[in-house]
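Down below is the structure, laid out as structure tokens.
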Amino acid sequence: MIIESASAADVAKLLAFREEAASWLSELGSDQWRRPYPADRLLATIEAGTVFMVRDGDDTAATITLTPDAEDGLWSREELAEPSMFVNKLTVARTHAGLDLGGRLLDWAGDRAYRSGASWLRLDAWTTNAGLQRYYLRHGFEYVRTVTEGGAVNGGPRVSGWLAQRPARLDPGHGLTDKTPAPTSFRRRDIGL
């Protein structure tokens with residue numbers, strides 16, 4: 001499987017992934033991702049170069065958004081002063097479930113974060129999805145706190161405020177063929193290069 005940058009042509013696939021995941025989560029009793037995500041916001045993250053797709057031959061197996069930008073109101077000023085990369089919208093197609101592809105993507109993200117000069121790989125998970133929270137804990141994340149104040153990016157109250165982090169680390173063992181551009185280093189970003 002290869003991982004590559006998403007393109008504008010992937011917007012429909014990404015929205016379908018989200019709908020598929022929301023349906024599956026609903027069957028499990030979760031209200032996660034029931035509100036639609038705005039396509040224009042998704043396209044903006046693609047154009048920013050922070051959305052990545054895992055391809056398995058002709059199939060799209062998974063997606064992850066990895067960004068140096070934290071959602072407002074989640075992390076403290078002190079935490080934001082530490083170089084960090086933030087995982088968002090990690091989704092695995094149901095056709096590729098059960099292969100720990102999500103775990104491999106987290107390892108890829110931690111490796112990319114490390115190569116960018118980040119100290120931390122951080123995420124916020126659905127506040128009421130205890131199964132997802134346990135999944136991240138099993139993959140080496142440590143719980144930081146839960147934030148419930150504020151609003152969601154796609155409207156309504158904040159619903160994704162369970163915060164966790166793990167150190168960024170070099171991990172070439174994720175097994176994905178990486179066809180993404182080299183990450184921008186924090187040092188270069190900080191001095192405006």
Side-chain angles (χ1 to χ4, degrees), residues 3-6 32-33 37 41-42 44-46 48-54 62-92 100-154 158-176 178-193:
I3 186 163
E4 61 188 7
S5 297
Q32 184 169 342
W33 289 356
Y37 196 82
R41 284 187 181 264
L42 188 55
T45 58
I46 290 171
T50 61
V51 182
F52 304 94
M53 308 293 280
V54 176
T63 182
I64 189 171
T65 298
L66 186 63
T67 177
D69 302 318
E71 186 177 325
D72 289 341
L74 291 176
W75 299 90
S76 72
R77 181 180 304 247
E78 294 80 15
E79 290 164 337
L80 292 173
E82 301 170 318
S84 303
M85 295 293 283
F86 299 87
V87 171
N88 294 294
K89 297 185 277 307
L90 171 61
T91 312
V92 175
D100 198 30
L101 184 52
R104 291 169 58 197
L105 266 174
L106 291 169
D107 291 342
W108 171 85
D111 179 78
R112 186 171 179 87
Y114 178 87
R115 290 184 294 118
S116 75
S119 299
W120 295 102
L121 182 63
R122 291 178 164 152
L123 56 82
D124 59 281
W126 207 258
T127 306
T128 60
N129 190 335
L132 180 62
Q133 296 163 14
R134 286 190 302 273
Y135 176 84
Y136 287 127
L137 294 171
R138 282 194 311 270
H139 282 86
F141 285 84
E142 292 186 14
Y143 172 73
V144 176
R145 71 181 158 279
T146 300
V147 177
T148 56
E149 299 82 28
V153 171
N154 58 340
R158 182 177 307 283
V159 288
S160 187
W162 184 88
L163 306 184
Q165 64 186 16
R166 75 180 196 194
R169 62 180 180 254
L170 194 60
D171 190 350
H174 51 71
L176 299 171
D178 194 339
K179 295 195 174 186
T180 64
T184 303
S185 74
F186 277 89
R187 184 169 165 246
R188 293 176 62 106
R189 198 177 295 125
D190 292 342
I191 60 175
L193 295 175

Looking at [atom1] of [X] and [atom2] of [Y], how far apart are the two atoms once the value is rounded to the nearest 0.5 Å?
{"X": "Y143", "Y": "W162", "atom1": "OH", "atom2": "CH2", "value": "8.0 Å"}
{"X": "S84", "Y": "L123", "atom1": "OG", "atom2": "CG", "value": "11.5 Å"}
{"X": "T146", "Y": "Q133", "atom1": "OG1", "atom2": "CD", "value": "6.5 Å"}
{"X": "T63", "Y": "F52", "atom1": "OG1", "atom2": "CZ", "value": "9.5 Å"}
{"X": "L106", "Y": "H139", "atom1": "CG", "atom2": "NE2", "value": "6.5 Å"}

Using salt bridge (charged side-chain N to carboxylate O under 4.0 Å, His left out) as the criterion, list what pairs up with E79, not counting sequence neighbours. R145

Measure across [X] and [Y] and return the closest heavy-atom pair with its distance rounded to 0.1 Å.
{"X": "A62", "Y": "L101", "value": "CB-CD2, 3.7 Å"}
{"X": "A113", "Y": "L121", "value": "CB-CD1, 4.5 Å"}
{"X": "A125", "Y": "L132", "value": "CB-CD2, 4.0 Å"}
{"X": "Y135", "Y": "G102", "value": "OH-C, 3.1 Å"}
{"X": "I46", "Y": "A6", "value": "CG2-O, 3.6 Å"}
{"X": "L80", "Y": "A70", "value": "CD2-CB, 3.6 Å"}

Mind checking side-chain hydrogen bond (donor to acceptor under 3.5 Å, both in side chains) for D107 and listing every partner two or more places apart, or none if nothing turns up? R166

Taken in chain and number order and not counting sequence neighbours, the residues that satisfy side-chain hydrogen bond (donor to acceptor under 3.5 Å, both in side chains) with S5 are none

State, with a plain yes or no, whether a side-chain heavy atom of L74 is found less than 4.5 Å away from one of L163. yes

Side-chain heavy atoms of V54 within contact of W108, under 4.5 Å: no

Kindly write out the residues that satisfy side-chain contact (heavy atoms from CB on, under 4.5 Å) with [X], not counting sequence neighbours, or none if the list is empty.
{"X": "R77", "answer": "none"}
{"X": "E142", "answer": "none"}
{"X": "T67", "answer": "T50, D69, F86, N88"}

Look at the rings of Y136 and F141 and say which category their plane angle falls in: under 30° parallel, 30 to 60° tilted, over 60° perpendicular. perpendicular

Would you find a donor on one side and an acceptor on the other, under 3.5 Å apart, between the side chain of E4 and the backbone of P181? no

Any side-chain to backbone donor/acceptor pair from T127 onto G161? Under 3.5 Å, distance only. yes

Passes side chain to side chain contact (heavy atoms under 4.5 Å, CB included), L90 versus L105? Steps please. CA-CA 8 Å; L90 171 61; L105 266 174; 3.4 Å; yes

Applying salt bridge (Lys or Arg N to Asp or Glu O under 4.0 Å), which residue pairs with at least one partner in residues 110-127 are found, sequence neighbours left out? E82-R122, D111-R115, R115-D178

Donor-acceptor list for residues 167-174 side chains, cut-off 3.5 Å, not counting sequence neighbours:
{"residue": "D171", "atom": "OD1", "partner": "G173", "partner atom": "N", "Å": "3.1"}
{"residue": "H174", "atom": "ND1", "partner": "L176", "partner atom": "N", "Å": "3.0"}

Could you tell me which residues satisfy ring-ring contact (aromatic ring centres under 6.0 Å, His included) with Y114, sequence neighbours excluded, listed by chain and number? none

